[in-house]
Amino acid sequence: MKDGFLKAAAFSPALRVADCTYNAQQILTQLQTAAQRGVKLAVFPEFCLTGYTCGDLFLQRTLQQGALDALEWLLAQTRALDTVVLVGLPLLVHGKLYNCAAVLCRGQLLGIVPKTYLPNYGEFYEKRQFAPAPEEDDFIALCGQEAVPFGAGQIFPCENLPELTLGFEICEDLWVPNPPSVAHAYHGANLIVNLSASDEVVGKDSYRRSLVSAQSARLLCGYIYATAGEGESTQDVVYGGQNLIAENGTILAESRRFV
């Protein structure tokens with residue numbers, strides 16, 4: 001942070017559905033470029049290690065393990081980067097499969113945040129594969145670490161920057177009447193990050209922009225929204241990569257869709 005400002009970025013890397021090795025490589029390439037530009041917070045979309053449109057492949061141990069291997073590889077590759085990184089992956093915990101955001105920094109897992117609200121209407125059927133976040137936060141062993149915080153109620157104060165406290169939610173969490181970010185802000189978070197895979201329909205980009213802007217206004221915070229783009233399956237839906245960064249009700253940056 002410099003003069004009260006933190007350089008942050010939201011990405012929609014080109015990916016291949018269910019190709020975790022390729023996807024991790026694409027993420028690392030963008031991370032290295034961003035780090036050279038001084039980015040200290042890098043946000044990637046929901047399920048960016050696997051692709052969002054894997055369907056019932058999420059239930060296969062091969063894909064689940066592939067995502068874990070990709071996460072462990074990313075941890076090793078980013079050990080020297082002074083950047084907080086958010087990536088999405090499926091994670092099996094205590095026999096249940098969760099839609100998760102992994103928080104990485106300097107080769108360490110700071111925490112795993114599972115998705116609270118699972119869409120199960122229209123073109124979405126996440127409850128077929130995933131469980132909602134448990135009510136109580138916990139600790140799990142993951143990627144060689146014995147006690148990684150796991151839970152949707154976490155906030156992340158920055159030790160080196162006391163002015164910065166992060167809170168995380170995933171896609172649908174923002175679209176419900178009582179988003180988790182409300183509780184995060186109540187407990188001190190002033191920058192909310194959302195890993196998303198929001199598809200495109202007519203007029204949805206304007207509504208999505210309004211949601212992000214309004215949430216940053218009502219919570220008096222920054223809000224970073226990274227969503228899926230090129231490489232997702234288009235059998236049922238399409239993704240435009242509409243990344244948004246807002247602060248106190250103002251959209252500071254927005255990516256062009258379908259680019």
Is there a donor-acceptor contact under 3.5 Å from the side chain of K40 to the main chain of A8? no
Pair Q154-D137, side-chain donor/acceptor within less than 3.5 Å: no
Residue pair L211 / W175, side-chain heavy-atom distance below 4.5 Å: yes
Starting from the C-alpha separation in whole Å, work towards a yes-or-no answer on side-chain contact (heavy atoms from CB on, under 4.5 Å) for E247 and C221. CA-CA 6 Å; E247 184 177 22; C221 69; over 6 Å; no
Could you please spell out the steps behind the side chain to side chain donor-acceptor pair (under 3.5 Å) verdict for R106 and T78? CA-CA 6 Å; R106 288 189 172 274; T78 57; over 6 Å; no
Mind checking the OH-OG1 spacing from Y239 to T234? Nearest 0.5 Å is all I need. 10.5 Å
For Y186, is the OH atom crowded, meaning more than 12 foreign heavy atoms sit under 6.0 Å from it? no
What heavy-atom pair brings N120 and K127 nearest, and what distance separates the two atoms? OD1-N, 3.1 Å
Quick check: does any side chain N or O of N194 sit under 3.5 Å from a backbone N or O of A226, one acting as donor and the other as acceptor? no
Please find the pair of heavy atoms, one from F58 and one from G51, that lie closest to each other, and give the distance. CZ-O, 3.4 Å
Is there a side-chain contact between P90 and F47, using heavy atoms and a 4.5 Å cut-off? yes
Identify the two heavy atoms, one from I27 and one from P13, that lie closest to each other, and give their separation to 0.1 Å. CG1-CG, 4.2 Å
Step through the shown structure and confirm whether more than 12 heavy atoms of other residues, nucleotides or ligands are within 6.0 Å of CD on E230. no
Cluster question for you: counting only ILVMFWY and a side-chain heavy-atom cut-off of under 4.5 Å, with indirect links fine, are V17 and F44 together? no
Residues D173 and K115 bridged, charged N to O under 4.0 Å: no
Between P114 and A133, which heavy-atom pair has the shortest distance, and what is it? CG-CB, 3.6 Å
Student check: side-chain heavy atoms of I245 and I251 closer than 4.5 Å: no
From F139 CZ over to F150 CZ, what is the distance, rounded to the nearest 0.5 angstrom? 12.5 Å
Is it true that F168 and V39 fall in one hydrophobic cluster, defined by side-chain heavy atoms closer than 4.5 Å? no
What distance separates Y223 OH from L252 CG, expressed to the nearest 0.5 Å? 14.5 Å
Would you say that L74 contacts V85 through its side chain, given a criterion of any heavy-atom pair below 4.5 Å between the two side chains? no
Between P45 and S196, the two heavy atoms sitting closest are CB-O, 3.4 Å
Test applied, side-chain hydrogen bond (donor to acceptor under 3.5 Å, both in side chains); reference residue, Q242; option that passes from K204, E254, R257, E200: E254
Polar side-chain atom of T250 near backbone of A246 as donor-acceptor pair, under 3.5 Å: no
Within a strict 4.5 Å, meaning less than it, do heavy atoms of the I192 and I224 side chains meet? no
Donor-acceptor pair, side chain of S210 and main chain of S206, under 3.5 angstrom: yes
Can you get from W73 to L75 by hopping between Ile, Leu, Val, Met, Phe, Trp and Tyr side chains that sit under 4.5 Å apart? yes
I'd like to know whether CD of E135 has more than 12 heavy-atom contacts from other residues, nucleotides or ligands below 6.0 angstrom. no
Look at the side chain of S255 and the backbone N and O of N243, then say whether any donor-acceptor pair between them is shorter than 3.5 Å. yes
Pair Q215, Y225 - check side chain to side chain donor-acceptor pair (under 3.5 Å), show working. CA-CA 11 Å; Q215 194 70 350; Y225 188 94; over 6 Å; no
Do F156 and V84 touch side chain to side chain, with heavy atoms closer than 4.5 Å? no
Taking the six-membered ring for Trp, are the ring centroids of F130 and Y98 within less than 6.0 Å of each other? no
If we only count heavy atoms from C-beta on, is the Q64 to L89 side-chain gap below 4.5 Å? no
Please evaluate residues S216 and N248 with respect to the criterion side chain to side chain donor-acceptor pair (under 3.5 Å), reporting the C-alpha separation (whole Å), side-chain torsions for both, the decisive distance (0.1 Å), and the verdict. CA-CA 5 Å; S216 73; N248 298 342; over 6 Å; no
Spacing of CG belonging to L31 relative to CD belonging to Q36, to within rounding of 0.5 Å: 11.0 Å
For L68 and L142: C-alpha separation, side-chain torsions, deciding distance, then whether side-chain contact (heavy atoms from CB on, under 4.5 Å) applies. CA-CA 9 Å; L68 273 179; L142 192 65; 3.5 Å; yes
So which of L166, I155, L164 actually passes side chain to side chain contact (heavy atoms under 4.5 Å, CB included) with N190? L164
Does the side-chain contact (heavy atoms from CB on, under 4.5 Å) test come out yes or no for L15 and Q26, once each step is laid out? CA-CA 7 Å; L15 55 77; Q26 297 304 303; 5.9 Å; no
Would V103 end up clustered with L161 when hydrophobic side chains under 4.5 Å apart are linked, directly or stepwise? yes
side-chain contact (heavy atoms from CB on, under 4.5 Å) evaluation trace for E169 with Y117: CA-CA 10 Å; E169 54 190 10; Y117 296 98; over 6 Å; no
Test item: L97 and L91 side chains (from C-beta on) under 4.5 Å apart, heavy atoms: no
Which value, rounded to the nearest 0.5 Å, describes the distance between L6 atom CG and L191 atom CG? 7.0 Å
Among the clusters formed by ILVMFWY side chains lying less than 4.5 Å apart, do L59 and L118 turn up in the same one? yes
Check whether any side-chain N or O of T83 sits under 3.5 Å from a backbone N or O of L41 as a donor-acceptor pair, and report yes or no. no
Roughly how far apart are Q235 CD and E123 CD, rounded to 0.5 Å? 13.5 Å
side-chain hydrogen bond (donor to acceptor under 3.5 Å, both in side chains) partner of Y52, chosen from E232, E46, E126: E126
Minimum heavy-atom distance T116-P132, with the two atoms named: O-CB, 3.3 Å
